Amino acid sequence: MKKLLLGTTAVSLLALSSWANANTTIELQRFFGACEAEYGKTTDVSAAVGECGIITTLVNKFEADNPDIDVKVTTVEWPGYDQLNAQLASRSAPDVVSMHYSAMSDYQSRGLLVPLDKLLKDQGIKATDFTDAAISSVTKEGKVYALPFDNWTMLFHVNNNLMKKADLMKADGTPMLPTSRDELFAQGKQFNEATGKPYLVQVLANETATYARIFYTLMMQQDSKFFADPGHIDLSGEDAKAALTLMKNIMDKDLSTKNMDYPAAVSAFANGAGGIAVNGTWLIGSYDAQSKQANNALSDGYSVFPVPQFFKQKDATYADGHGWVVPRGDRSDEKMAAIGKLFKFLYDNDYEWSRTGHLPTVKKVIASDKFKSLPHRSDIAKIATTGQALPAGVLRQFAIQDILGEELGSAVTGNKSIDDALETAQYRINDLLENI
Amino acid sequence: MSASISIKNITKRYDSVTVLDDINLHIEDGEFVVFLGPSGCGKSTLLRMIAGLESITEGSIEIGDKRIDTLPPGQRGVAMVFQSYALYPHMTTRQNMAFGLENVKVAQDEIDRRVNDAAKILEIDHLLDRKPGRLSGGQRQRVAIGRAIVKEPKAFLFDEPLSNLDAALRGRTRLELAQLHQRLGSTMIFVTHDQVEAMTLADRIVIMHNQKIEQIGTPMEIYQHPVSRFVAEFVGSPPMSMLPINNIQQTANGVTVEVSRAGSIATAITLPPEFNAKDAVIGIRAEDTAVVSSEEDGLDLTIKVVERLGDRTLLYGTLIDGTDLIAEDSGRSKVKAGETVRVSISPHAAHIFDGDGLAHHSQMEV
Amino acid sequence: MAESYRRSRWTNGLFVVPYLSVFLTLLVFPLGWGIWLSLNKVDLFGGERFIGLKNYARVLSDPIFGQAVKNTLIFVGVSVPTLVILGLFLALALNKTTKGSSFLRGLFFASSILSVTIVTLIWRIVFIPNDGLMALIFNYFGWQPIGFLSTTGWSLFSVGVATVWWCIGLPMMLFLAALQQIPKDLYEAAALDNASRWRVLTRITLPSIKSTIMLVAIIQVVMQFQLFGQAQLMTNGGPAGSSRPIVMYIYEIGFLRWDIGMGAAASQILFLIILCAAMLQYWVSTRKEETDA
Amino acid sequence: MKALNYSPEHLTSNRRLFWIAAALGVIMMAPVAWIIGLSLKDNAELLKGTEAVFSFPYTLVNYANILESSSVFGWFMNSMIVAVGQTFGVLLLSSLAGYAFARLEFPFRKTLFIIVLFGLAVPEQAVIIARHQMFNWFDLHNTHIGLILPNLSSAFGVFLMTQFFRAIPKEIDEAAMLDNTSTFRIFWKVLLPLTLPAQATLGIFTFLQAWNDYWWPLISATKSDMYTLTIGIASSQTNFAQSEGLGFLGAQAIFASLPVVIVYIFFQRHIVTAVSGGAVK
């Protein structure tokens, strides 16, 4: 009888198992994908490729180095904030969570994140060790709320082999990229006629984030102040119309692949289905690795560049970054210390993470030869200065991104007029922000 | 073991509808009483009230000298056999019979003894380990009776227990029930709408009609001296023919009634002075008629249907005025449909019913 | 007063106490609490403030909610008749005792036991561009590929295909059971009357299972109004919200936008819609029967 | 001989209908065959193009990977505990209440029954947000109890069991009453065994519903330890893009459905009878 009554408690206790062998367990929740099958057991970080492979092996390595600490990893669907919200609401959030800088204000402003100043200080990590861009992104009201892990932007990943075929290569062996809107359409047409393939490989299906990022970039290039007031978006201007018109024209003139969702777009580019993939920094490592193998579409023909400047006003590109946060909750000192060790380990291995293609956040990694000698990094170096985020005071950036992406998508695919889409997007976003 | 049952001033109402109205009945210890009546007359309700399955609005019920209408069904000491038998489908015959005894914690060897005894009496020993689903209708019926017997109740209650059996089996079981009653000597109450069952089984029959007891009596009393037109028409097969009375003439032996244009019938019935002649009828059973030669007194009957039963022949016909009459002839009758025959009526056997349905009989026994 | 077993006793009520306590705490109370929440400005992490019907006003004036309602109505309007007619067809075709029929019955019902995530996983891998089964088929025949999950119009259709594939078993089974209940002598009488197959179907079979058809329709309407998992996992409501059902709207408002109050308001509206749809159906069916009688 | 057989089957169906249904059956199976095919292919090969499904070589490597590393087992156990717990709970509560509503008299019986019937009309969506809050108050999220409890309130079971108890001839419990059986013993020993077919129907429905439940576990079981199979598979399928690969996902789908499919194949006859027996009166 007693057994029966204790049943459920016992089961959950056993599951945690930390109690049994006196180890400290850190529950770590992240996106970046699941690749247990390939990397589940390996601790050889340097052999790993791609976001998932590198973070998985990093954690494995940390566990191997610290036998008294178990890291229990939960992989969530990107970006995983609905799940985190449910967890926070039920006071069962994990110990460490991956989070975009752009999402942090939401949680920090409601006191849902633990400040990490002391934890980092105990590990000998100083704020000045990080790039200004990174540390300022995670600092709110004078306190640091995340271990900044990377900065990223959208890029033009180029298939040089196809560009060569379209006669779009410069003498120095780099591809010819457009420097204006007119050039974009001209070169796109040229590419398409020569190869029979679309010029751009874009993620346009079942995705909202890429639409929003490109749109932000185009707005920022016009030096638009669409978030002059963080509680209010302004999409009524000519700038918004110009940005969206450009996005729509790309589709209308058949410059881009259609109907591809994220995985389809990623593999389509890898299989040579188009000239330029518009996607994030995180793919550099994987595509570069592929280009070093023989007999595939990218063999010996991959390069990568920032998104070109399509508007004269400003050379800018939308940027964000990933950090590691600790949600509020009751944690013992031992556990906090273990989390500190994990953060120190991640900090120490920021270089390994930067092999994905992300920009490192640690100054000395950027300065290191090791990093500088990574391929393509010099080609995209300027994003460190041109990268720009939304104002920190803008809350619910992921919800905004969803709304914006949905409406932009409607316009791009021709289901709504441009004016209609922008108007609805503005209404919905402002309704959201006004009712927080 | 067995006991008498007293029903006193029982009334049953559902909201404003009265189902039983002031019923009084005393059943002797060991008596076999049959409640007979058309469906809806309240006979089953009365039985279920004795069992405790229906509540009583007014009145009381005693078994022996003990008032039992406040007790739950299980503690009244009665056993019931249902029309559908109501065997527990998931229990074997043995478990079905033992279940009630186990409920009251009878010792296991006593249970075994009683079950085996009952099974022997009912000749179902070989069925003890079967479940009801694998028994025939007749076998289920026996098990249901067996389940009642093992309880050694003060009274047995039967709720139309034979109606689900085929005709042949019904006849046999009827006989066996009569034997069982003799053998056990228990008080038994039997509800039926079948007059043959009632006539053959009952010590006394209780005829129920319109929420009331119409008549209580031995089968012969009921048959020969029905107190009312209802009882007369309900009991007997074929039913009693009813001829409207036009005129009544007092004679030395009784009254002679004139039946429309068809003729008159002499009877040995004496009517009281306050007799209500309006809508009065004379009732004649088929067996009290005879086909006679055309010279003799009688009524002329035009035969429409001839029903040959072997030992006798029933003649369904109409009188000149169109009234229906059923007459009886011998088994060797040569009457054919379409013929007109003369029918005589025994003067002592006729019954006269006044406008209120109240019966008047000849004082002489036939 | 005489007492008998029919007499009402409060101890008899003890039998319903376990269920009633669960019913009250987990259904009735949350229903009331949900209504209360819908009248408040409240987010996932607290902060209740009474604002009256403002949440309802916001939901009803939200074009996205309107779109979700429209999507859901279209989905119900197409998927339910499909399920009923297809289920009826299968039941008629497989109402035999042969081995082949019983195998097919088992096959058509088998998908019902799979969980929604498996079903959507299967159908996503069928519909994905380039690598999916449909893409291969279209490629083989040289047809223009269709973005089943990413084109307005097709996305809701694709969700519907997966749903019908998943749900067809139950209607078929219910119809089969109803067909078995039709007395055999009706058909014998029809055969003696020289009735054609079609007349037997329309004059005997269908009228005999009329109540089952209604039952299946009501069950399916209530079920399909609650569409969520398929849409969320296959299309995430896209593109441009063209496959977002009401339930997904509620989920997004509550757990993506933290707005519990507004989510609760949308829930109550959905509740009303389902109630009205079921009652309308019931009303139509009973009214029809009256005129038939 | 054949022409003399006027069975309903003969008149309602014919060979042509059967073959159309058979063709539909093939279409029905196609997606499953596709997934099975994918699951038997190496992921690297699939990356180049899924036409590879139609040619050799095939491999079991995806299944081997599941056995080695996947959390499917844990999810499976959670689903089992939740589904069995819920089924058991619903059967118990519904039987008790159904018996009382069908057979016993107690104060407010009719009113209570009408209120419960009203519960039939309340969809989960109308209460789920409030429930999520309530479960916060009592720290019931991420527990098996927290996953089991909500569906116990379903009025469907009570309604169904009440109908079934009503369908049992009243004489059976009257006979038991005359046998001096207590109210509870009548329920437990006499009537409950007679509702076994109904229990099977309700049990199968409840089990399937619990097994397939999506929204509630999605917001209540937020720790991977507590994922049910449904949620677990959902969490892994959205990572499509990354390196798991279509073959692995396919294998996971097949592997995760295997237990219920096996149970279904073995008990198909009973399940079919139960499903069809339950709903048509």
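So that the names make sense, note that chain A is the first sequence line, chain B the second, and so on, each numbered from 1. These numbers come from a predicted model, not from an experiment.
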Validation row: [X], [Y] side chains within 4.5 angstrom (heavy atoms):
X	Y	value
D:Val127	C:Phe29	no
D:Phe113	C:Val16	no
C:Asn12	D:Arg103	no
C:Phe271	D:Val122	yes
C:Arg9	D:Leu104	no
D:His132	C:Phe255	yes
D:Asp213	C:Val116	no
C:Phe109	D:Tyr264	yes

Let me know if [X] has heavy atoms under 4.5 Å from chain D in its side chain, its backbone, both or neither.
X	answer
C:Ile168	side chain
C:Leu114	both
C:Phe108	both

**Q.** Side-chain donor/acceptor of D:Trp215 to backbone N/O of C:Phe228, under 3.5 Å
**A.** no

Q) Can you check whether C:Leu27's main-chain N or O pairs, donor with acceptor, with D:Ser153's side chain at less than 3.5 Å? A) no

Between [options], the one whose heavy-atom pairs under 4.5 Å with chain D are most numerous:
options	value
C:Ala135, C:Ser111, C:Ala264, C:Gly100	C:Gly100
C:Gly34, C:Gly169, C:Ala110	C:Ala110
C:Ile113, C:Leu31, C:Val22	C:Ile113

(Q) I'd like to know whether CZ of C:Arg203 has more than 12 heavy-atom contacts from other residues, nucleotides or ligands below 6.0 angstrom. (A) no

Q. Between C:Trp10 and D:Phe106, does the ring centre distance come in under 6.0 Å?
A. no

Q: Scan D:Leu93, D:Ile115, D:Val158 and name whichever one has a side chain to side chain contact (heavy atoms under 4.5 Å, CB included) with C:Phe23.
A: D:Ile115

Between [X] and chain C, which part of the residue has a heavy atom less than 4.5 Å away: side chain, backbone, both or neither?
X	answer
D:Met28	both
D:Val90	neither
D:Phe187	side chain
D:Ile35	side chain
D:Ser79	neither
D:Leu218	side chain
D:Trp211	both

